[in-house]
Amino acid sequence: MAAPSRTTPAQAAGPGRTTFVEVSLALQTLAIFFQAVTAGLLLSTAHGETLHGVGARVMYGATMLYVLAAVLAWRPGGGSPRPIMYATGFLVLASVQVVLGIAHEAAWHVPLGVLMFGLSTVSLGHAVFTRMLRRAARG
């Protein structure tokens, strides 16, 4: 009897299918973008603070989902552990962001939010681009 082969997350998803890591990363990126929008609303509407507070919880949850997806892609899926480091780094940044927001430290909170959005967007772009390259290589 032959030993079962391990499939990578990209193989498990099949050609043209989106992985759980990509979905969670997209949710995180959208949540951070929503935070940027509601940060502007903080300055102009009465509901801005409420929306930004709710968005902060959603963004933190999306970041925890990204960590979970990275762990699930690595351990049972046989993927690389590298995405776990990225996801954990985002969780650390999100934690610092929450602390800075609660402390009303806008001088640090705003630039860190911009950095997080940029990093999340680049990570999402890298994941999608890598999947497209794999699909093109398969023919």
Side-chain angles (χ1 to χ4, degrees):
M1 183 189 309
S5 65
R6 295 187 78 167
T7 59
T8 66
Q11 292 168 333
R17 297 194 57 199
T18 306
T19 66
F20 184 36
V21 172
E22 292 170 344
V23 169
S24 63
L25 191 49
L27 288 173
Q28 174 185 278
T29 304
L30 286 172
I32 295 171
F33 179 72
F34 180 79
Q35 285 303 93
V37 171
T38 60
L41 292 175
L42 272 169
L43 304 173
S44 59
T45 68
H47 302 298
E49 186 173 356
T50 302
L51 287 171
H52 198 67
V54 170
R57 289 165 179 81
V58 171
M59 183 273 303
Y60 201 77
T63 303
M64 288 191 290
L65 183 68
Y66 178 35
V67 172
L68 176 66
V71 169
L72 290 176
W74 166 66
R75 195 61 184 160
S80 169
R82 182 171 286 164
I84 296 171
M85 293 185 304
Y86 298 150
T88 303
F90 273 112
L91 187 59
V92 169
L93 290 176
S95 299
V96 170
Q97 186 70 337
V98 168
V99 169
L100 291 171
I102 291 170
H104 300 287
E105 292 288 339
W108 294 99
H109 183 75
V110 173
L112 182 57
V114 171
L115 175 67
M116 287 177 64
F117 179 68
L119 289 173
S120 192
T121 303
V122 167
S123 294
L124 178 60
H126 180 266
V128 171
F129 184 69
T130 302
R131 181 167 45 98
M132 289 172 55
L133 285 178
R134 285 188 184 129
R135 188 182 329 154
R138 280 187 278 230

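The chain is numbered in sequence order, starting from 1. Remember, predicted model here, so these are calculated numbers, not experimental data.
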Q.
Distance check, rounded to the nearest 0.5 Å: Thr18 atom OG1 versus Leu25 atom CG?
A. 12.0 Å
Q. In terms of hydrophobic clusters joined by side-chain contacts under 4.5 Å, are Ile32 and Tyr86 together?
A. yes
Q. How about Phe20 and Leu65: do any of their side-chain heavy atoms sit closer than 4.5 Å?
A. yes
**Q.** Phe34 CZ: over 12 foreign heavy atoms closer than 6.0 Å
**A.** yes
**Q.** Taking every non-hydrogen atom, the tightest pair across Leu42 and Gly48
**A.** CD2-C, 3.7 Å
Q. Heavy atoms, side chains only, cut-off 4.5 Å: are Tyr66 and Ser120 in contact?
A. no
Q) Any chain of hydrophobic side-chain contacts (each under 4.5 Å) joining Met64 to Met116? A) no
Q. Can you check whether Trp74 reaches Pro83 side chain to side chain, under 4.5 Å on heavy atoms?
A. no
Q) Among the clusters formed by ILVMFWY side chains lying less than 4.5 Å apart, do Ile102 and Val92 turn up in the same one? A) no
Q: Any chance you could measure Leu112, atom CG, to Glu105, atom CD, to the nearest 0.5 Å?
A: 12.5 Å
Q) Val96 and Trp108: same hydrophobic cluster, using ILVMFWY side-chain contacts below 4.5 Å? A) yes
Q. Between CG of Leu93 and CZ of Phe90, what distance do you get to the nearest 0.5 Å?
A. 7.0 Å
Q) To the nearest 0.5 Å, what is the distance between CD (Glu49) and CG (Leu41)? A) 12.5 Å
Q) Are the side chains of Leu51 and Thr45 in touch, meaning some heavy atoms are under 4.5 Å apart? A) no
(Q) I'd like to know if Val21 and Val128 are part of one continuous hydrophobic network [Ile/Leu/Val/Met/Phe/Trp/Tyr, side-chain heavy atoms within less than 4.5 Å]. (A) yes
Q. Would you say Arg57's side chain and Gly53's backbone share a donor-acceptor pair under 3.5 angstrom?
A. yes
Q. Does Glu22 reach the main-chain N or O of Leu124 with its side chain, forming a donor-acceptor pair under 3.5 Å?
A. no
Q: Mind telling me whether His52 and His109 have parallel, tilted or perpendicular rings, with 30° and 60° as the class edges?
A: perpendicular
Q | side-chain contact (heavy atoms from CB on, under 4.5 Å) evaluation trace for Gln28 with Met59 | A | CA-CA 6 Å; Gln28 174 185 278; Met59 183 273 303; 5.5 Å; no
**Q.** Given Thr121, Val122, Leu115, the one that forms side-chain contact (heavy atoms from CB on, under 4.5 Å) with Leu119
**A.** Leu115
Q) Got more than 12 heavy atoms from elsewhere within 6.0 Å of CE, Met132? A) no
